[in-house]
Amino acid sequence: MSGYTITKKKRFDLSSFLIMTSIILVLSCLIVPFVAIYTYQDIFINNVPAWFFTTPKYNYFIFAGALTWFSILIILFVIYRNHVMMSDKKLRILPFLLLAIPGCIVIVLSLNNYFYLNDEGIHTRSMADFSVKTYKWEDVTEAKQLQIIRDGVMFEGDMVFTFKDGESFNLPVTKEVQLNKRRIYTALREFNIEVQRIQPGQ
């Protein structure tokens, strides 16, 4: 007579799974924003002739903030779910799904937040824009390079452009902008615009 052992199937622990998911979301903030934004923009947007194509640095923090928001919602849902199970009340998921919507919107907007430069001018789409806005070199009336002094050390801040319609645009001096400074200066000189180096407030 052969012996055998009956093992009880381990029950799936949803709370532990959700907590682990929440931890993974927080840890992913260090990598996912960079990979997701770069990959999405490279595949779906970066198909235009440009000197360079980039996204503002703060965009990665916004994306990471949305992931953190999802993580917080998951933890709150676990606490709420455990409370409901102990009090034998009806579990309501809809409020948490509704609270997750702003995070989804922020992620979509951050994926479409970028700017690029080419021979025509500056093309930008912020999180508040529904389409790309173009600032042409020929419309520039004034260009300034902000010089920031911090702890006795001077470094370059934003480039500020003023246009014929009175509107202004601050171009953050990213690595890509630094590498293309000569092109920017050349494009402006074609319309007799020289870049002024000033300190903020002048």
Side-chain angles (χ1 to χ4, degrees), residues 25 27-70 102-150 153-165 167-191 193-200:
L25 280 174
L27 295 177
S28 69
C29 290
L30 301 174
I31 300 175
V32 171
F34 299 94
V35 175
I37 292 175
Y38 175 82
T39 303
Y40 176 86
Q41 293 184 347
D42 187 58
I43 294 174
F44 297 104
I45 302 174
N46 189 10
N47 54 4
V48 293
W51 301 343
F52 67 87
F53 184 100
T54 189
T55 188
K57 290 182 180 180
Y58 68 80
N59 207 29
Y60 300 111
F61 295 100
I62 292 174
F63 194 106
L67 295 180
T68 304
W69 174 242
F70 292 147
C104 296
I105 294 175
V106 166
I107 285 179
V108 172
L109 293 177
S110 65
L111 290 173
N112 291 281
N113 184 12
Y114 56 87
F115 67 90
Y116 62 92
L117 276 64
N118 60 17
D119 293 335
E120 183 183 6
I122 304 169
H123 310 267
T124 178
R125 181 176 177 180
S126 69
M127 295 183 68
D129 296 327
F130 293 101
S131 61
V132 178
K133 190 167 187 177
T134 298
Y135 300 95
K136 295 183 178 181
W137 299 123
E138 62 190 64
D139 293 331
V140 177
T141 59
E142 188 178 50
K144 299 177 181 178
Q145 171 64 72
L146 299 184
Q147 303 283 65
I148 311 296
I149 299 178
R150 186 176 298 166
V153 178
M154 179 178 290
F155 61 95
E156 293 185 338
D158 293 351
M159 292 189 72
V160 182
F161 299 93
T162 304
F163 301 92
K164 292 178 181 178
D165 60 1
E167 191 172 356
S168 62
F169 176 76
N170 284 42
L171 179 68
V173 180
T174 61
K175 178 182 177 181
E176 293 81 6
V177 172
Q178 287 282 14
L179 292 174
N180 286 273
K181 274 288 187 70
R182 181 172 295 180
R183 277 180 161 178
I184 296 173
Y185 282 39
T186 300
L188 291 171
R189 287 194 187 106
E190 289 182 6
F191 301 99
I193 301 296
E194 292 292 334
V195 178
Q196 307 171 46
R197 294 180 174 274
I198 66 169
Q199 295 182 20

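Just so we're clear, the structure is a prediction, and the values are computed from it rather than from any experiment.
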Side-chain donor-acceptor pairs of residues 104-114 under 3.5 Å, sequence neighbours excluded:
from   : atom 1 : to     : atom 2 : distance (Å)
Ser110 : OG     : Val106 : O      : 3.3
Ser110 : OG     : Ile107 : O      : 2.8
Asn112 : ND2    : Val108 : O      : 2.9
Asn113 : ND2    : Tyr58  : OH     : 3.4
Asn113 : ND2    : Asn59  : OD1    : 3.2

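- When side chains are defined from C-beta on, Ile193 does not count as touching Trp137, because their heavy atoms never get closer than 4.5 Å.
- Counting non-hydrogen atoms of neighbouring residues, nucleotides and ligands closer than 6.0 angstrom, the OH atom of Tyr185 exceeds 12 such neighbours.
- For Asn180 (side chain) and Glu176 (main-chain N/O), a donor-acceptor pair under 3.5 Å exists by modelled atom type.
- Of all heavy-atom pairs spanning Leu188 and Val195, the tightest one is CD1-CG2, 3.6 Å.
- With values rounded to the nearest 0.5 angstrom, Gln178 atom CD is found 10.5 Å from Phe52 atom CZ.
- Using a 4.5 Å heavy-atom threshold, the side chains of Leu117 and Leu171 count as touching.
- Within the structure, no pair that satisfies the salt bridge (Lys or Arg N to Asp or Glu O under 4.0 Å) test touches residues 115-132, not counting sequence neighbours.
- Looking at heavy atoms from C-beta onward, Thr55 lies out of side-chain contact with Phe63 at the 4.5 angstrom threshold.
- Using modelled atom types, one side-chain atom of Gln145 and one backbone atom of Gly157 make a donor-acceptor pair closer than 3.5 Å.
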Legend entry - Test log, rule ring pair (Phe, Tyr, Trp, His ring centres under 6.0 Å), inputs Phe161 and Phe169: CA-CA 5 Å; Phe161 299 93; Phe169 176 76; 7.2 Å; no

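- A 4.5 Å side-chain heavy-atom check between Tyr135 and Phe163 finds at least one atom pair inside the cut-off.
- The backbone N or O of Pro49 sits less than 3.5 Å from a side-chain atom of Asn118, completing a donor-acceptor pair.
- Between Ser28 and Pro33, the closest heavy-atom pair is O-CD, 3.5 Å.
- Comment: Glu156 engages Arg197 in a salt bridge, judged by a side-chain N to carboxylate O separation of less than 4.0 angstrom.
- Looking at residues two or more places apart in sequence or on another chain, you find no salt bridge (charged side-chain N to carboxylate O under 4.0 Å, His left out) involving Arg183.
- In this pair, Tyr116 and His123 present their aromatic rings parallel. The plane angle is below 30°, not in the 30 to 60° band.
- Summarising the geometry of Cys29 relative to Ala64, their closest heavy-atom pair is SG-O, 3.4 Å, with the distance given to 0.1 Å.
- In the displayed structure, Phe191 atom CZ is contacted under 6.0 Å by more than 12 heavy atoms of other residues, nucleotides or ligands.
- The CD1 atom of Ile37 lies 8.5 Å from the CD1 atom of Ile62; values are rounded to the nearest 0.5 Å.
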Inset, instruction - Step by step, work out the side-chain contact (heavy atoms from CB on, under 4.5 Å) result for Met159 and Lys144. - result: CA-CA 6 Å; Met159 292 189 72; Lys144 299 177 181 178; over 6 Å; no

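- Using a 4.5 Å cut-off on side-chain heavy atoms (C-beta onward), Leu146 and Val160 make contact.
- Taking CZ of Phe53 as the start and OH of Tyr38 as the end, the distance is 10.5 Å to the nearest 0.5 Å.
- Side chain of Thr162 to backbone of Thr141: no donor-acceptor contact under 3.5 angstrom is found.
- Counting all heavy atoms, side chain and backbone alike, Val177 lies closest to Pro172 at CG2-O, 3.3 Å.
- Counted within 6.0 Å of NZ on Lys181, heavy atoms from surrounding residues, nucleotides or ligands total more than 12; the atom is thus considered enclosed.
- Within the model, atoms CG of Leu25 and CH2 of Trp69 stand 13.5 Å from one another, a figure rounded to the nearest 0.5 Å.
- Here the OG1-CZ distance, from Thr39 to Phe34, works out to 12.5 Å after rounding to the nearest 0.5 Å.
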